[in-house]
Amino acid sequence: MSCRKAKLERKTKETQIVIELNVDGTGKYDVTCDDQFLKHMIETFSRYSSMDITMTATGDNDHHLIEDVGITLGKVFAMALGKDPIERMATSTVVMDDAMVMTSLDIVDRPYCEVDCPDPLYAHFMRSFAMSACMTLHILLIRGFDDHHIIEASFKSMGAALKNAVVPRGSELSTKDTVMEA
């Protein structure tokens with residue numbers, strides 16, 4: 001298995017983002033971000049996924065920043081993961097006070113996303129992440145009423161599911177075997 005690390009920089013007129021990711025980390029993070037709640041969510045994701053994340057992110061407004069961090073995190077995740085066989089699919093249910101959230105995902109080159117999220121910006125983050133990472137991602141709100149708890153439980157359950165999905169395996173988990181594109 002190769003070293004599963006990558007670094008990506010995204011600069012636009014609206015945002016400047018640099019993310020370094022180690023899939024085989026221990027959940028260490030060093031996050032500097034204009035939006036403190038987004039900073040907290042990336043740190044939470046790092047801890048629950050056991051991926052090491054170093055990130056700096058600035059932007060002209062919350063929408064651009066949250067969207068572009070989702071895109072950059074998805075792309076750097078796909079780069080770091082590489083092409084070696086992994087478990088691929090996983091599900092994790094997390095509770096946080098009133099919130100109970102389940103994430104099911106499949107890291108396969110068929111991007112799709114369905115997310116129950118009370119905040120359209122964070123629903124957009126999840127879609128941007130899933131599309132850029134080329135994964136199928138479903139986040140289901142089982143119950144909850146506090147928006148902060150629901151969003152945080154979503155990041156925790158997504159991180160925990162990814163931790164299990166990226167575990168290396170000896171062979172491709174597919175009836176199609178390895179898909180070769182010309």
Side-chain angles (χ1 to χ4, degrees), residues 1-8 10 17 19-31 33 37-55 57 66-96 99-117 122-142 149-170 172-174:
M1 183 176 67
S2 59
C3 180
R4 299 191 305 173
K5 296 179 183 179
K7 182 176 182 179
L8 184 63
R10 178 181 173 92
I17 299 162
I19 301 177
E20 190 170 349
L21 182 102
N22 178 1
V23 171
D24 299 310
T26 59
K28 293 186 293 188
Y29 51 81
D30 181 10
V31 177
C33 184
F37 186 69
L38 178 59
K39 175 185 189 304
H40 177 43
M41 292 304 98
I42 298 301
E43 292 170 346
T44 298
F45 173 77
S46 172
R47 179 69 66 197
Y48 281 78
S49 67
S50 293
M51 295 182 204
D52 296 341
I53 298 176
T54 301
M55 181 181 95
I66 291 167
E67 176 182 41
D68 285 10
V69 167
I71 291 168
T72 308
L73 185 61
K75 286 182 177 184
V76 77
F77 171 76
M79 289 168 52
L81 193 58
K83 298 294 182 189
D84 291 334
I86 55 172
E87 285 299 325
R88 212 183 93 185
M89 294 177 281
T91 296
S92 177
T93 302
V94 170
V95 295
M96 183 175 172
M100 179 185 286
V101 176
M102 180 178 69
T103 297
S104 290
L105 54 84
D106 186 359
I107 304 170
V108 62
D109 194 19
R110 295 169 64 151
Y112 184 80
C113 185
E114 284 288 334
V115 179
D116 293 338
C117 184
Y122 282 92
H124 189 55
F125 173 94
M126 297 299 186
R127 278 192 298 280
S128 298
F129 173 74
M131 296 300 121
S132 297
C134 289
M135 74 172 60
T136 297
L137 175 66
H138 290 262
I139 299 177
L140 176 65
L141 172 62
I142 297 168
H149 296 163
I150 292 166
I151 295 166
E152 188 165 348
S154 297
F155 275 86
K156 288 178 177 180
S157 67
M158 183 175 72
L162 280 169
K163 180 179 180 176
N164 293 323
V166 300
V167 171
R169 55 179 289 123
E172 196 72 37
L173 183 61
S174 174

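We use all heavy atoms of the structure for the numbers below, so side chains are in, but hydrogens, waters and symmetry mates are not. In this chain, residues are counted from 1 in sequence order. Because the structure is a prediction, the values reported are computed rather than measured.
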Tell me which donor-acceptor pairs under 3.5 Å the side chains of residues 158-166 have, and how far apart each pair is, sequence neighbours excluded?
from, atom 1, to, atom 2, distance (Å)
K163, NZ, S50, OG, 3.3
N164, ND2, A160, O, 3.4

Item to check | Point-to-point distance, once rounded to the nearest 0.5 Å, from CG of L137 to CD of E114 | outcome: 10.0 Å
Checklist entry - Nearest 0.5 Å, what's the CZ-CD1 distance between F77 and I107? => result 4.0 Å
Checklist entry - Of all residues at least two apart in sequence or in a different chain, which pass the ring pair (Phe, Tyr, Trp, His ring centres under 6.0 Å) check with F125? => result F155
Next on the checklist: Please find the pair of heavy atoms, one from K7 and one from M79, that lie closest to each other, and give the distance.
Outcome noted: O-CE, 3.7 Å
Checklist entry - In this structure, are over 12 heavy atoms from other groups packed under 6.0 Å from K5 atom NZ? => result no
Checklist entry - Are the side chain of T136 and the backbone N or O of R110 linked by a donor-acceptor pair below 3.5 Å? => result yes
Item to check | E43 and R47: CA distance, side-chain angles, deciding distance, salt bridge (Lys or Arg N to Asp or Glu O under 4.0 Å) verdict | outcome: CA-CA 6 Å; E43 292 170 346; R47 179 69 66 197; over 6 Å; no
Checklist entry - Do the non-hydrogen side-chain atoms of D116 and I142 ever get within less than 4.5 Å of each other? => result no
Next on the checklist: Consider side chain to side chain contact (heavy atoms under 4.5 Å, CB included). Of I71, T72, I19, which one does L8 pass it with?
Outcome noted: T72
Checklist entry - Do you know which two heavy atoms are closest between V23 and M51, and how far apart they sit? => result O-CG, 3.6 Å
Item to check | Interatomic spacing from NZ in K39 to OH in Y29 - rounded to 0.5 Å | outcome: 7.5 Å
Checklist entry - Of the non-hydrogen atoms in V115 and A123, which two are nearest, and what is the gap between them? => result CG1-CA, 4.5 Å
Item to check | CD1 on I17 to NZ on K75, rounded to 0.5 Å | outcome: 11.0 Å
Item to check | Distance-minimising heavy-atom pair for V101 and A153 | outcome: CG2-CB, 3.7 Å
Checklist entry - Counting distance only, does the side-chain N/O of D30 pair as donor-acceptor with the main-chain N or O of T54 below 3.5 Å? => result no
Next on the checklist: I'd like to know if the side chain of D52 reaches the main chain of T26, judged simply by a donor and an acceptor atom lying under 3.5 Å from each other, with no hydrogens or angles considered.
Outcome noted: yes
Checklist outcome for this item: Value for OH (Y122) from CD (E152), rounded to nearest 0.5 Å, stands at 11.0 Å
Checklist entry - Can you tell me how far CZ of R88 sits from CG of L81, rounded to the nearest 0.5 angstrom? => result 12.0 Å
Item to check | Backbone of F129 reached by a side-chain donor or acceptor of S132 within 3.5 Å | outcome: no
Checklist entry - Does the side chain of M41 reach to within under 4.5 Å of the side chain of F37, using non-hydrogen atoms? => result yes
Next on the checklist: Y112: which residues meet the ring pair (Phe, Tyr, Trp, His ring centres under 6.0 Å) condition with it, sequence neighbours left out?
Outcome noted: H138
Next on the checklist: One pair to check against side chain to side chain contact (heavy atoms under 4.5 Å, CB included): L21 and L73. What are the steps and the verdict?
Outcome noted: CA-CA 8 Å; L21 182 102; L73 185 61; 4.1 Å; yes
Item to check | Sidechain-backbone polar pair: S46 side chain, I42 backbone, donor-acceptor under 3.5 Å | outcome: no
Checklist entry - Hey, which of S157, S92, S154 is the one that makes side chain to side chain donor-acceptor pair (under 3.5 Å) with T103? => result S157
